[in-house]
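Structure first, then comments.
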Amino acid sequence: MKKIVVLTGAGMSAESGISTFRDSGGLWEKYKIDDVATPQAWRKNPALVLDFYNQRRKQLFEVEPNMGHRALAELEKKYEVQIITQNVDNLHERAGSSNILHLHGELMKVRSTGPGEEVYNLTPDNYETHLGDKCPKGFQLRPHIVWFGEAVPEIEKAEHLTTQADILVIIGTSLQVYPAAGLIHNAKPGIPVFLIDPHEITHLPDGITVIQKGASEGLKELTEKYL
Ligand code: OAD
């Protein structure tokens with residue numbers, strides 16, 4: 001079976017009703033990155049940061065995977081599919097994809113701020129985290145999210161997985177955030193690379209087939225025309 005590696009970003013979940021970060025009306029127009037998504041923000045106002053992620057989780061229960069997520073799960077009938085996502089939602093999982101690497105963490109997990117950095121699953125019945133919520137060893141719990149300025153622990157695994165791709169598909173990412181945006185350079189030279197995004201993405205390496213459509217329609221075109 002050929003291996004397809006799919007790199008997804010916020011645009012993948014846009015049709016489910018989760019706003020992207022950098023489009024007009026996106027999350028970073030409503031919030032400042034420096035207030036909610038950096039280690040400095042956590043030190044300055046942890047309650048605000050926790051509340052921001054509690055809201056993101058609440059939204060997650062109000063949305064469903066879209067046709068694009070489902071199309072990727074369906075692709076597993078014909079291909080080995082590895083998803084590498086920058087998204088912290090769980091919509092790929094809920095659509096039925098089997099192999100998902102979360103580069104920027106996961107909303108439904110929290111982590112101890114103690115030296116062990118143990119990770120714990122949240123549940124739909126108990127998804128909020130507040131100041132004073134501690135791990136069994138007594139350390140405050142924080143969102144299991146890779147904030148700006150933090151290392152991306154899964155990047156080496158993602159790079160290795162990308163080198164194994166026979167086909168690379170990039171969906172719904174502005175390719176502005178590194179190291180994720182650099183993964184494209186780990187693909188074997190000459191393999192087919194597709195990019196699905198309704199807006200124009202500039203500064204792309206040569207040889208990429210661009211499908212300028214939203215995730216659902218774009219994946220339909222990809223499967224019908226190219227796979
Ligand atoms: P961005 O908000 O930067 O980019 C979203 C991309 O999705 C843009 O290129 C849009 O054109 C595209 N898009 C919009 N609607 C779409 C649709 N229906 N179908 C397909 N694509 C669509 O989001 P990311 O590139 O994912 O990190 O951002 C990368 C990281 O920056 C995120 O993981 C997050 C953010 O700050 C953290 O929070 C750590």
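Here, residue 1 is the first one in the sequence, and each next residue gets the next number. Below, each value reflects all heavy atoms present in this structure, side chains not excepted, and no hydrogens, waters or symmetry copies. For ligands, and for the atoms within them, numbers begin at 1 and follow the listed sequence.
Set against the non-hydrogen atoms of H199, the atoms of ligand 1 under 4.0 Å away are 10 (C), 11 (O). In the vicinity of G9, heavy-atom distances shorter than 4.0 Å reach the ligand 1 atoms 26 (O). Close contacts between ligand 1 and V146 involve ligand atoms 39 (C) [criterion: under 4.0 Å to a heavy atom]. Under a 4.0 Å criterion applied to the non-hydrogen atoms of D23, ligand 1 contributes the atoms 10 (C), 11 (O), 14 (C). Near G214, with a cut-off below 4.0 Å to any heavy atom, the atoms of ligand 1 are 17 (C), 18 (N), 19 (N). Heavy-atom proximity to I201, at under 4.0 Å, picks out these atoms of ligand 1: 9 (O). Close contacts of ligand 1 with T173, meaning ligand atoms under 4.0 Å from a residue heavy atom, involve 6 (C), 9 (O), 24 (P), 25 (O). Close approach of ligand 1 to Q86 is summarised as follows: ligand atoms under 4.0 Å from at least one heavy atom of the residue are 29 (C), 33 (O).
In summary, K213 and E221 engage in a salt bridge, as defined by a charged side-chain N under 4.0 Å from a carboxylate O. In this structure, R142 pairs ionically with E150, as a charged nitrogen and a carboxylate oxygen lie closer than 4.0 Å. Contact check on E62 versus K58 returns a salt bridge, with a Lys/Arg side-chain nitrogen under 4.0 Å from an Asp/Glu carboxylate oxygen.
Closest to atom 37 (C) of ligand 1 among all protein heavy atoms lies F148 CE1, 4.1 Å. In terms of protein heavy-atom proximity, atom 4 (O) of ligand 1 is closest to S174 N, 3.3 Å. Of all protein heavy atoms, the one lying nearest to atom 8 (C) of ligand 1 is D197 OD2, 3.6 Å. The closest protein non-hydrogen atom to atom 17 (C) of ligand 1 is G11 O, 3.4 Å. Regarding atom 32 (C) of ligand 1, its nearest protein heavy-atom neighbour is F21 CE1, 3.5 Å. Taking atom 33 (O) of ligand 1 as the reference point, the nearest protein heavy-atom neighbour is H104 ND1, 2.7 Å. Of the protein's non-hydrogen atoms, R22 NH1, 3.0 Å is the one closest to atom 28 (O) of ligand 1. From the protein, the heavy atom lying nearest to atom 18 (N) of ligand 1 is E15 OE2, 3.0 Å.
In this structure, R57 forms no cation-pi arrangement with F61, as its terminal cationic atom is not both closer than 6.0 Å to the ring centre and no more than 45° off the ring axis.
Side-chain contact check for Y31 and Q55: at least one donor-acceptor pair (N or O, by modelled atom type) lies under 3.5 Å. Judged by distance alone, the side chains of S97 and H69 never bring a donor and an acceptor atom under 3.5 Å apart. S16 and E64 share no donor-acceptor pair across their side chains, judged by distance under 3.5 Å alone. Q140 and K134 share no side-chain donor-acceptor pair at under 3.5 Å. Between N126 and T123, the side chains place no donor N or O within less than 3.5 Å of an acceptor N or O (distance only, hydrogens not considered).
The line from CD of E224 to CG of L219 is 11.0 Å long, rounded to the nearest 0.5 Å. Rounding to the nearest 0.5 angstrom, the gap separating the CG atom in L72 from the OG1 atom in T8 is 7.5 Å.
Ligand 1 lies out of reach of G26, whose nearest heavy atom is not under 4.0 Å from it. Heavy atoms of Q176 come nearer than 4.0 angstrom to ligand 1 in no pair at all.
The aromatic rings of W28 and F52 lie parallel to each other, with less than 30° between the two planes, well short of the 60° mark.
If you look at A215 next to ligand 1, the close heavy atoms, those under 4.0 Å, come from the backbone and the side chain alike. For I145, no heavy-atom contact with ligand 1 is shorter than 4.0 Å. When non-hydrogen atoms are compared, ligand 1 lies under 4.0 Å from neither the backbone nor the side chain of W147.
Taking hydrophobic clusters as Ile, Leu, Val, Met, Phe, Trp and Tyr residues chained together by side-chain heavy-atom distances below 4.5 Å, V177 does not share a cluster with I201.
Considering backbone and side-chain N/O of G172, one or more are found under 3.5 Å from N/O of ligand 1.
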